[in-house]
There are 2 protein chains.
Amino acid sequence: MKCLLNESTEERIKAAAAKIFMEKGFDGTTTRDIAKEAGLNSALMNYYFRSKEKLFAGVFDEMCELFFHGLTEILSQPLSFKEKILALIDHDFKIFRENPALSNFILNELHRNPERLIDIAKKASSIRSTVLEKQFNDAVASGEIRNIDIKHILLLIPANIQFIFISKPLTMKIHNMCESDFELFLDEHIKVVKEMVANYLFLK
Amino acid sequence: MKCLLNESTEERIKAAAAKIFMEKGFDGTTTRDIAKEAGLNSALMNYYFRSKEKLFAGVFDEMCELFFHGLTEILSQPLSFKEKILALIDHDFKIFRENPALSNFILNELHRNPERLIDIAKKASSIRSTVLEKQFNDAVASGEIRNIDIKHILLLIPANIQFIFISKPLTMKIHNMCESDFELFLDEHIKVVKEMVANYLFLK
DNA sequence: AATAAATTTAATCAGATGATTAAATTTATT
DNA sequence: AATAAATTTAATCATCTGATTAAATTTATT
């Protein structure tokens with residue numbers, strides 16, 4: 001019986017699982033939660049995915065692709081280093097804005113379960129690109145970019161993009177923001193971030 | 001029977017709970033985990049704290065005090081706005097460095113359980129201080145501080161201090177850092193952060 | 001020293017959880 | 001149309017979990 005909505009059962013389970021795992025984390029999510037969200041019977045988790053853990057691993061893998069998408073797509077493009085940074089900021093800000101729980105989900109899971117790091121390094125391989133490193137060094141040598149270790153840059157960018165989403169509940173509460181206030185704040189904040197980063201990193 | 005170490009049973013349970021909750025979160029922690037860590041019998045959770053939830057609430061409350069300590073202690077001191085920012089950076093960096101899992105713990109819990117925000121606003125009350133706001137406005141008017149909404153500053157500072165700890169597992173993996181490499185990186189990074197923030201915020 | 005109160009222990013409970021099972025149903029193949 | 005294969009369902013299982021219970025032990029009080 002193919003489902004009512006022309007979506008396969010497997011896909012329905014995965015979509016429901018992604019939603020609930022993102023909200024409640026692995027431990028806080030029961031197979032019955034997922035089944036309810038999908039409108040299916042909980043035995044199907046095991047029929048299609050063998051275990052809750054394997055279902056989670058699949059969801060986590062896909063979310064990591066999304067998390068690192070900016071790095072993999074932007075940093076390998078034929079752009080100057082400066083252009084890459086600005087493009088990365090725009091790209092990542094868009095991704096995280098569309099998936100506000102993503103960062104918290106991935107980073108918390110890495111605290112909870114460091115073994116998942118084993119597979120994750122591959123996805124972040126573009127960070128370790130020697131091409132990028134050489135490009136960076138040339139930009140420093142030409143006086144275009146501030147002379148700091150590239151590792152700091154690769155931390156400053158996600159810090160200033162992701163933290164606002166990680167701290168969203170807190171920020172909204174402290175400043176009494178409704179959802180639309182927060183959206184306006186996001187628009188402003190990304191401008192501040194770009195200005196600050198440019199001001200510090202780009203010397204000419 | 002007072003325990004071997006001259007610490008009360010209640011304190012031993014709380015300390016063990018804080019440790020395990022910080023590692024595994026609420027859902028991932030069992031009362032038996034805590035009992036084992038404390039070297040006690042799990043029925044004592046209920047004897048002393050009535051429930052796992054109440055034990056957690058006590059631990060969470062204390063961790064929030066620590067999380068907001070910089071804000072409550074530094075922002076109310078008789079310092080210029082600029083001095084406050086620099087003092088806050090140093091203070092917070094020290095707190096989070098000593099408690100690297102703190103930020104992830106608090107912020108993830110607020111995602112998982114937004115009801116905890118009800119009590120949290122009180123602890124962050126110094127953020128909403130009219131004294132601070134006036135001081136900030138004066139500093140802007142005198143051309144000392146960049147003219148942006150203070151909310152952005154109150155986000156940039158924790159972003160650049162806390163994110164490095166939230167993303168610690170990932171950063172260490174990506175850059176193949178051992179613990180001492182990471183400590184060195186921290187020393188460098190805080191310098192970069194201070195320089196970037198000063199460069200952007202402080203106009204004279 | 002005897003008694004009361006507090007604390008601790010070990011066993012047990014009721015409900016929840018991931019997983020399994022077997023039957024029912026649907027889809028695919030002959 | 002009959003049969004086989006795949007999918008779904010509902011019940012059940014074994015284990016775990018927070019909580020309770022009653023007995024044992026320790027500490028405090030008289």
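Hydrogens, waters and symmetry mates play no part in the numbers below; they use all other heavy atoms, side chains included. On a predicted model such as this, the values are computed, not experimentally measured, just so you know. Residue numbers start from 1 in every chain, and the chains themselves are labelled A, B, ... in the order their sequence lines are given, proteins ahead of strands.
Put simply, B:Asn41 has no side-chain N or O that comes within less than 4.0 Å of OP1 or OP2 on C:dT8. The side chain of B:Thr31 contributes no N or O atom lying less than 4.0 Å from OP1 or OP2 of D:dT17.
Rounded to an integer number of Å, the gap from B:Leu44 CG to C:dT8 P is 6 Å. Atom CZ in B:Arg32 sits about 13 Å away from atom C1' in C:dA16, given to the nearest Å. Atom pair B:Ile34:CD1 and D:dC16:P shows a separation of 18 Å (rounding to whole Å applied). Atom OH of B:Tyr47 and atom C1' of D:dT25 are 13 Å apart (whole Å). Across the protein-nucleic acid pair, B:Leu40 atom CG and C:dT9 atom P stand 7 Å apart, rounded to whole Å. The nearest whole Å value for the distance from the CG atom in A:Asn46 to the P atom in C:dT17 is 15 Å. For A:Met45 and C:dA19, the CE to P distance is 11 Å, given to the nearest whole Å. Distance, B:Tyr48 OH to D:dA19 P: 17 Å, rounded to whole Å.
With a cut-off of 3.5 Å on both pairing distances, the Watson-Crick or G-U wobble partner of D:dC16 is C:dG15. Across every strand in view, D:dA5 sits in a pair with C:dT26 that passes the Watson-Crick or G-U test at under 3.5 angstrom.
Residue contacts shown for A:Ser51 are limited to sugar-phosphate atoms, with no base heavy atom under 4.0 Å away. Contacts of A:Phe49 with the nucleic acid, taken as non-hydrogen atoms under 4.0 Å apart, are absent.
Side chain of A:Thr9, nearest nucleotide from D:dT8, C:dA19, C:dT7: D:dT8. Here the side chain of A:Ala43 is nearest to one of C:dT20, C:dG18, D:dT20, namely C:dT20.
Contact check for A:Asn113 versus A:Phe26: no side-chain heavy atoms found under the 4.5 Å cut-off. Using a 4.5 Å cut-off on side-chain heavy atoms (C-beta onward), B:Leu132 and B:Ile150 make contact.
The residue among A:Thr30 and A:Arg50 whose nearest nucleotide of DNA chain C is located toward the 5' end is A:Thr30.
Ionic pairing of A:Asp138 and A:Lys134 is present here: one or more N-O contacts between side-chain nitrogen and carboxylate oxygen are shorter than 4.0 angstrom. A salt bridge links A:Asp187 to A:Arg97: at least one charged side-chain nitrogen sits closer than 4.0 Å to a carboxylate oxygen. Using a cut-off of 4.0 Å between Lys/Arg side-chain N and Asp/Glu carboxylate O, B:Lys191 and B:Glu188 are scored as salt-bridged.
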